[in-house]
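Okay, so here's the structure we're looking at.
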Amino acid sequence: MAWTNEDVARQFAEIVTLLKLSGADQFRVRAYERAAGAIGAAPTDLATLDEAGIAALRGIGASTARKVSEYLTTGKIAMLEDLRGAVPAGLVELIRVPGLGPKTARLLYDSLGINSVEALREAIETERLRGLPGLGVKTEANLRDAIARVGAKDTGRVPMADAVAVAEELCRRLRELPVVEDVTYAGSLRRMRETIGDIDILAASTAPAHVHDALRSSELVTDVLAAGDKKTSVIVRRGIQADLRVVAPEAYGAALIYFTGSKDHNVRIRERAVRSGLTLNEYGLFDKETERRLECRTEAEVYEQLGLPFIPPPMREDTGEVQAAVAGNLPAVVHLEDIRGDLHGHSDWSGDGKATLEEMVAAAAGLGYEYWAVTDHAEGLPMNGLSRQQMLQRRTAIEMLQERYDIRILEGAELNIGPEGDVDYDPQFLATLDFCVASIHTLMTRAGAVQTRRIITAMENPAVHAIGHLTGRKIGGRPPYDVDLDAILDAAKRTGTALEVNASPHRLDISSDMVRRAVEAGVTLTISCDGHSVGDLRSMRYGVGTAQRGWATSQDVLNCRPLDGLFDFVAAKRT
DNA sequence: GCCGTTTTCGGCCCGACTGTTTTCAGTCG
């Protein structure tokens, strides 16, 4: 299970923290940092590899492989145990304070014995920090504020869904400035990570001071953290941090790459630039010898100068995309334009739908889709579900609507996966439906093994074409059930059942990591909005982004196929 | 500690901002 890799990665992340606090060589720290990242992103369970296999992973050498092996066999890493003994425990807590790094933490501990945030607060109150080298009145005040922010618990990551609205509002306001030629959000939001640490906004302008002023004086801003000529950092509503960079229009492409990240992806392509005698920064691509700027105004042109194809932002995580691009193997991932329909949506026929069937159909048609499946809740769901009788009434409604719309309305249902993996209605009635999603809506706290068994049983039902929101998670809310993904993927393949990538930004279920494993296993995916309102249908881009992060191509996605291809898939399931 | 179509040793991405400093260290992304 990937759980192994996450567990091992956590051990190495702790080594990184403790090494920093020990004042270790920065390149050695960086090597461990990379190793931790490589372990976390490894596509195969480390427990199934031998030491040589582990060392073959990029960023992991003999020394790290030995430690991984040591951990997997003994449950401990001697080096980590030694580090824990050597580094005072409180220092780890101290460097969680923003602006307080390992050097300062060490200084505080060595000179004043400060070993916790509480001890630091006391030292500030009693003015004991004064007189320490490099720590003045301002630092003292900044630390006091930073501690208050840690206490306010606003330092965590926020769900993408919450950040997008704020980011779009900030962009909209900046776009209104006449001096702004271009503006967009970048960072992890553009890469469509499921949670966001801060909002990064990039603007192109020949009058940067004006743009920075506009942000700093916006009424959305509650606090200004940094105010320079080139960069502004502020706190906006909900305690989210936003960073603004303003560059000249001709630097926009290079700056967009820089500001989109990820950091590791940037390091990777900058290394590649260096090897070609170039240097890449946020102002452009330069010849190292002549310091001449190469002409490239767009991201694609920068990649081209580096001998690489354009790499879609969601793929930029340094999980092998640069190597694949170099080798010419970068998968042509699915794009929003490839989506021909949506296979999971609700109308007000089921209790929780917020729009009429016609409103939903009209909206789907407006998006240019060839088909849209109305998958209202089935009878087993108390309050919301449709009885068989209501389903028949809805069938008549669909037939009448179909006469007035070109988009093909697929008659479907979101079936409930029962305690034993059973689903609603009877087989004869189910056989009359075009497309069915099956999902867990009850008994959500059952153990992973139970959920896995329920889901696999549901997959074996010929009427079930896709499994909806597989792990039941709500980002920032409900945790996922701990399903056995390998067993699920095997069953999906065996039974010809698709796995849904639920595009709701609150769900993104399955996750991009799971998408990547599903793609490697050759399992068919759907990307669906699970829309309960007209507005929900615009969430498709988040599902596509998640699929891109998992390297899925349009070949992997059922709703990229034309209608007859979709019916072929359904027919194959019935036999 | 990792890695190599210039290297198996000697490098390792690049820059902004802040605060405490007469030229830079620490932190962050």
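Keep in mind it's a predicted model, so treat the numbers as computed, not measured. First the proteins, then the strands, lettered A, B, ... as listed; each starts at 1.
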In terms of side-chain geometry, is the basic nitrogen of [X] or [Y] positioned less than 4.0 Å from the acidic oxygen of its partner?
| X | Y | result |
| --- | --- | --- |
| Glu81(A) | Arg84(A) | yes |
| Arg316(A) | Glu299(A) | yes |
| Arg34(A) | Asp264(A) | no |

For Thr64(A) and Thr279(A), find the nucleotide of DNA chain B closest to each by heavy atoms; which residue's nucleotide sits nearer the 5' end?
Thr64(A)
Give a yes/no on whether any side-chain N or O of [X] is located under 4.0 angstrom from OP1 or OP2 of [N].
| X | N | answer |
| --- | --- | --- |
| Asn281(A) | dG15(B) | yes |
| Tyr283(A) | dA16(B) | yes |
| Ser63(A) | dG1(B) | yes |

So what does Phe27(A) hit on the nucleic acid, given a heavy-atom distance under 4.0 Å: a base, only sugar-phosphate, or nothing?
base
Counting any heavy atom closer than 4.0 Å, what does Ser233(A) reach on the DNA or RNA strands: base, sugar-phosphate only, or nothing?
nothing
Does Glu289(A) have more than 12 heavy atoms from other residues, nucleotides or ligands lying within 6.0 Å of its CD?
no
Nearest-Å distance, [atom1] ([X]) to [atom2] ([N])?
| X | N | atom1 | atom2 | result |
| --- | --- | --- | --- | --- |
| Lys230(A) | dC17(B) | NZ | C1' | 11 Å |
| Asp25(A) | dC12(B) | CG | C1' | 10 Å |
| His212(A) | dC17(B) | NE2 | C1' | 12 Å |
| Asp264(A) | dC12(B) | CG | P | 18 Å |
| Arg245(A) | dA16(B) | CZ | C1' | 6 Å |
| Leu280(A) | dC13(B) | CG | C1' | 9 Å |
| Arg28(A) | dG1(B) | CZ | P | 4 Å |
| Ile54(A) | dC2(B) | CD1 | P | 13 Å |

Flag the pair [X] / [Y] as yes when at least one side-chain heavy-atom distance between them is below 4.5 Å, and no otherwise.
| X | Y | answer |
| --- | --- | --- |
| Val87(A) | Thr17(A) | no |
| Tyr252(A) | Thr184(A) | yes |
| Glu33(A) | Lys20(A) | yes |
| Arg272(A) | Val326(A) | yes |

Can you classify the ring geometry of Tyr303(A) versus Phe310(A) as parallel (below 30°), tilted (30 to 60°) or perpendicular (above 60°)?
perpendicular
Sequence-aligned protein contact record of nucleotides 19-29 of chain B, with B where the base is within under 4.0 Å of a protein heavy atom and S where only the sugar-phosphate is
SS-----SSSB
Which whole number of Å gives the distance between the [atom1] atom of [N] and that of [M]?
| N | M | atom1 | value |
| --- | --- | --- | --- |
| dT7(B) | dC12(B) | C1' | 13 Å |
| dC3(B) | dC13(B) | C1' | 16 Å |
| dT21(B) | dA16(B) | P | 24 Å |
| dC2(B) | dT8(B) | C1' | 12 Å |
| dT23(B) | dG19(B) | C1' | 14 Å |
| dT20(B) | dG26(B) | C1' | 11 Å |

Which one is paired to dG11(B), where only Watson-Crick or G-U wobble pairs with both distances under 3.5 angstrom count?
dC2(B)
Under the salt bridge (charged side-chain N to carboxylate O under 4.0 Å, His left out) rule, collect the residues that match up with Asp509(A), sequence neighbours excluded.
none
Applying side-chain contact (heavy atoms from CB on, under 4.5 Å) between Ile114(A) and each of Leu112(A), Asp110(A), Val117(A), report the one that passes.
Leu112(A)
Sole residue of Val221(A), Ile240(A), Leu215(A) in side-chain contact (heavy atoms from CB on, under 4.5 Å) with Leu170(A)
Leu215(A)
Indicate whether the side chain of Lys67(A) and that of Tyr32(A) have a donor and an acceptor atom separated by less than 3.5 Å.
yes
Polar contact flag, side-chain donor to acceptor under 3.5 angstrom, Asp7(A)-Thr4(A)
no
Near DNA chain B, under 4.0 Å by heavy atom, which residues of residues 290-311 of chain A?
none
In numerical order, the residues of residues 214-229 of chain A whose heavy atoms come under 4.0 Å of DNA chain B are Ala226(A), Ala227(A), Gly228(A), Asp229(A)
Which pairs count as side-chain hydrogen bond (donor to acceptor under 3.5 Å, both in side chains) when at least one residue sits in residues 195-207 of chain A, sequence neighbours excluded?
Arg157(A)-Thr195(A)
Expected rows: protein N/O vs nucleotides 3-9 of chain B N/O, under 3.5 Å:
{"from": "dC3(B)", "atom 1": "OP1", "to": "Gly59(A)", "atom 2": "N", "distance (Å)": "2.6"}

